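Structure record follows, encoded as structure tokens.
None of the values given here were measured: they were computed from a predicted structure. In each ligand, atom 1 is the first atom listed, and ligand 1 is the first ligand listed. Numbering of residues begins at 1 and proceeds along the displayed sequence.
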Amino acid sequence: MTSVFHRVPRVNLPIAVGGDGIEIIDSTGKRYIDACGGAAVSCLGHSNQRVIDAIKRQVQALPYAHTGFFSSEPAEELAERLARTAPGSLNHVYMLSGGSEAVEAALKMARQYFVEKGQPQRRHFIARRQSYHGNTLGALAIGGNAWRREPFLPILIEAHHVTPCFAYREQRNDESEEAFAQRLADELEAKIVELGEDRVAAFVAETVVGATAGAVPPVREYFKKIRAVCDKYGVLLILDEIMCGMGRTGYLFACEEDGVTPDILTIAKGLGAGYQPVGATLVTDEIFDTIVGGSGFFQHGHTYMAHATAMAAALEVQKVIEEERLLDNVRTRGEQLRSVLKETFASNAHVGDIRGRGLFVGIEFVDSRESKKPFAPTLKINARIKSEAFKRGLMVYPMGGTIDGKVGDHVLLAPPFITTDSQIETIVERLQQAVDAAIGSVQ
Ligand code: PLP
């Protein structure tokens with residue numbers, strides 16, 4: 001019996017009572033390797049003493065002060081650090097409590113920017129199918145996951161969707177990467193023209209697609225071409241790095257690898273590593289100056305924005321990542337993870353694709369590798385793998401509907417940045433056993 005309205009009700013969840021490095025310990029003492037960081041959150045594992053001490057110090061000094069009255073030292077220092085490390089002129093950081101809040105703020109900033117600029121006709125948002133930008137109404141509306149949106153369609157704002165840069169599923173056999181990227185950029189341009197050349201406010205995309213399609217990196221040059229189309233029509237580029245940002249791909253900001261700078265960038269998850277709920281929206285000088293030079297303030301706000309304790313936690317997380325040079329480990333261990341996975345599953349006809357960047361890896365499962373035919377959704381292959389892995393003390397992040405929101409199965413791996421060589425081996429070993437058991441159970 002529980003009075004908690006759980007995410008998945010009527011399932012008996014174990015009670016998590018402790019954390020030890022990359023493991024979570026339940027109330028029976030069982031240990032689970034957190035190979036997905038929950039949902040790509042826990043990048044420092046579950047017991048980082050420096051972060052725990054920073055939180056204690058902040059709570060001792062002052063847990064919270066409303067941002068209508070005060071700023072706080074950790075908020076100032078964290079914002080300065082993010083502005084300094086972010087690409088281009090993304091120098092202004094709006095601090096929030098999670099990913100969806102960051103996306104809502106991004107959408108409203110884009111809209112207010114155009115209102116201040118004297119272009120109130122710009123009201124359309126274009127995003128991509130098979131994207132996820134959060135569950136609040138604005139973020140859900142622009143997200144491209146059909147299943148998540150469906151019950152709420154009548155109450156969602158209008159949004160438009162184009163083809164994702166999902167090479168395994170969307171790139172034609174006779175098409176080069178370059179031609180594929182060009183086709184997608186042309187599609188975006190056609191959509192902008194269809195909606196009205198001066199009517200689109202922003203194009204929104206995850207730099208590396210996370211939950212809905214499973215760690216899908218863009219092909220080379222894709223974002224450069226997208227940036228050019230946006231610039232041609234004065235459309236803002238919003239990159240959502242809530243899952244893939246803050247070091248997950250081996251770069252603090254995933255878009256650095258693509259050589260593009262967005263106008264607005266959202267981050268969360270790895271920002272606070274799960275030690276506190278935190279998110280942020282970064283904007284360029286141009287957007288900040290237009291809004292602040294116009295009506296003087298951004299017409300938005302939340303009670304807990306820039307919460308002092310969350311700021312202290314996130315600041316320390318970011319210091320640990322830099323001082324312990326953890327991004328080097330993300331790159332090395334990421335390469336190891338993908339290569340061990342490829343070796344282990346080389347002869348498994350049900351592993352269709354292994355993809356990703358850094359310690360952000362997606363494995364797509366298929367009925368047939370040759371035809372890329374997915375499993376029937378009723379088999380719930382991804383959920384079976386999650387459950388077989390969990391039995392074996394391994395957490396992986398499963399998802400169905402990889403292809404179109406209904407069919408397709410993948411699991412996502414996003415282990416903490418502190419994961420060691422031998423822990424990578426153990427993760428893959430347990431995953432292999434789980435995959436064999438799950439797929440074996442339906443054949
Ligand atoms: N955007 C992306 C890319 C995400 O992966 C997520 C969460 O998974 C969100 C937005 C929403 O973040 P939150 O769950 O913190 O509201």
remark   = Sorted by chain and number, sequence neighbours left out, side chain to side chain donor-acceptor pair (under 3.5 Å) with Thr420 holds for Gln423

query = Partners of Glu241 by side chain to side chain donor-acceptor pair (under 3.5 Å), sequence neighbours excluded?
reply = Thr207

Any residue meeting ring pair (Phe, Tyr, Trp, His ring centres under 6.0 Å) with His46, in chain and number order, not counting sequence neighbours = none

task = Using a 4.5 Å cut-off on heavy atoms from C-beta on, say whether the side chain of His161 contacts that of Arg149.
result = yes

task = Could you please provide the protein residues found below 4.0 Å of ligand 1 on a heavy-atom basis, arranged by chain and number?
result = Gly98, Gly99, Ser100, Tyr132, His133, Gly134, Glu206, Asp240, Ile242, Met243, Lys269

Side chain Glu206, main chain Cys244, donor-acceptor under 3.5 Å = no

request  = Examine distances only and state if a side-chain atom of Asp404 and a backbone atom of Lys406 form a donor-acceptor pair shorter than 3.5 Å.
outcome  = yes

